[in-house]
Amino acid sequence: MSGSMATAEASGSDGKGQEVETSVTYYRLEEVAKRNSLKELWLVIHGRVYDVTRFLNEHPGGEEVLLEQAGVDASESFEDVGHSSDAREMLKQYYIGDIHPSDLKPESGSKDPSKNDTCKRRCSLRFPVPLLHIGKQILLRRPC
Ligand code: HEM
């Protein structure tokens with residue numbers, strides 16, 4: 001294994017003297033990208049890394065589709081298929097760690113606040129206001 005992987009540990013207490021300890025292994029995207037063959041196959045789904053090598057022969061959708069996503073972010077393909085909750089439950093057994101925070105890209109669901117509907121509505125109001133003003137001027141100048 002290379003030195004680019006990191007392990008972060010977090011510990012906390014529930015206030016009753018019992019300590020909860022979790023440990024996450026972080027992988028860089030370049031580490032995942034190397035595991036892209038039948039011998040060793042990792043993929044990323046929603047920022048989590050899965051080693052699906054031993055799942056290749058068992059995948060109901062076939063090994064071909066997994067090979068296509070080998071070593072890359074398969075979140076979109078995974079969601080496009082509309083996998084069942086059973087399939088999502090199965091993910092847990094192949095989980096090996098998280099993508100390093102510096103390599104995380106925003107999920108497509110997150111929207112840029114500068115491109116929201118409120119702005120579009122406000123901008124579209126700019127055009128008719130001067131027109132209304134000119135119309136009002138013409139009406140006021142008309143002789144009785
Ligand atoms: C570890 C990751 C994955 C697991 C655990 C998994 C699991 C499953 C399971 C249990 C099914 C049977 C149908 C269901 O229950 O939804 C299935 C079907 C399928 N999966 Fe995956 N899958 C994974 C990744 C992927 C990826 C990355 C693709 C990429 C396109 C994919 C494509 C498919 C396809 C095409 C089917 C067949 C759907 C059908 O016949 O209707 N799977 N998968």
Side-chain angles (χ1 to χ4, degrees), residues 1-140:
M1 295 284 163
S2 122
S4 61
M5 283 178 221
T7 302
E9 293 201 4
S11 62
S13 168
D14 61 3
K16 293 172 191 162
Q18 283 178 328
E19 292 239 325
V20 182
E21 203 163 284
T22 51
S23 169
V24 180
T25 305
Y26 288 112
Y27 297 98
R28 303 305 305 241
L29 279 178
E30 60 182 44
E31 284 296 328
V32 180
K34 288 179 201 162
R35 275 65 181 213
N36 61 358
S37 68
L38 289 166
K39 223 177 89 199
E40 204 178 10
L41 202 154
W42 295 4
L43 46 81
V44 181
I45 298 172
H46 302 310
R48 288 166 174 247
V49 184
Y50 299 95
D51 179 349
V52 291
T53 317
R54 62 196 160 94
F55 179 60
L56 274 171
N57 296 327
E58 297 165 25
H59 183 223
E63 62 177 33
E64 193 64 32
V65 283
L66 294 184
L67 269 167
E68 276 169 22
Q69 303 298 321
V72 300
D73 190 331
S75 312
E76 219 177 305
S77 324
F78 184 83
E79 293 302 341
D80 284 352
V81 171
H83 280 95
S84 64
S85 46
D86 278 353
R88 284 162 204 279
E89 198 60 31
M90 286 169 76
L91 281 176
K92 289 179 191 166
Q93 50 186 301
Y94 305 106
Y95 171 76
I96 54 168
D98 285 5
I99 282 295
H100 194 280
S102 334
D103 282 348
L104 276 178
K105 58 174 186 184
E107 293 273 325
S108 54
S110 62
K111 283 182 183 165
D112 182 346
S114 67
K115 290 175 186 163
N116 63 22
D117 286 344
T118 319
C119 175
K120 272 188 211 152
R121 269 201 300 275
R122 206 184 298 136
C123 299
S124 67
L125 280 174
R126 281 186 196 146
F127 179 65
V129 170
L131 278 183
L132 281 173
H133 185 68
I134 293 166
K136 197 174 135 196
Q137 293 286 2
I138 293 169
L139 280 173
L140 287 174

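Counting starts at 1 for both ligands and their atoms, following the listed order.
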Practice task
Indicate whether any N or O donor in one side chain lies under 3.5 Å from an N or O acceptor in the other, for D73 and S75.
Solution key: yes
Problem - Sequence neighbours excluded - salt bridge (Lys or Arg N to Asp or Glu O under 4.0 Å) pairs with any residue from residues 43-56 - result: none
Handout entry: Side-chain heavy atoms of W42 within contact of Y27, under 4.5 Å
Key = yes
Please tabulate, for the side chains in residues 89-96, all donor-acceptor contacts under 3.5 angstrom to protein atoms that are two or more places apart in sequence or on a different chain.
| residue | atom | partner | partner atom | Å |
| --- | --- | --- | --- | --- |
| E89 | OE2 | K92 | NZ | 2.7 |
| Y95 | OH | D98 | OD1 | 2.6 |

Distance dump, ligand 1 polar atoms to protein, N/O, under 3.5 Å:
| residue | atom | partner | partner atom | Å |
| --- | --- | --- | --- | --- |
| ligand 1 | 15 (O) | S84 | OG | 2.5 |
| ligand 1 | 16 (O) | S84 | N | 2.8 |
| ligand 1 | 16 (O) | S84 | OG | 3.2 |
| ligand 1 | 20 (N) | H59 | NE2 | 2.8 |
| ligand 1 | 20 (N) | H83 | NE2 | 2.8 |
| ligand 1 | 22 (N) | H59 | NE2 | 2.9 |
| ligand 1 | 22 (N) | H83 | NE2 | 2.9 |
| ligand 1 | 42 (N) | H59 | NE2 | 2.9 |
| ligand 1 | 42 (N) | H83 | NE2 | 2.9 |
| ligand 1 | 43 (N) | H59 | NE2 | 2.8 |
| ligand 1 | 43 (N) | H83 | NE2 | 2.8 |

Completion exercise
dist L104:CG -> L29:CG (nearest 0.5 Å) comes out at 8.0 Å
Check residues 57-70 and write down every donor-acceptor pair under 3.5 Å in which the side-chain atom is one partner and the other belongs to a residue at least two apart or another chain.
| residue | atom | partner | partner atom | Å |
| --- | --- | --- | --- | --- |
| H59 | ND1 | G62 | O | 2.8 |
| Q69 | OE1 | S77 | OG | 3.2 |
| Q69 | NE2 | S77 | OG | 3.0 |

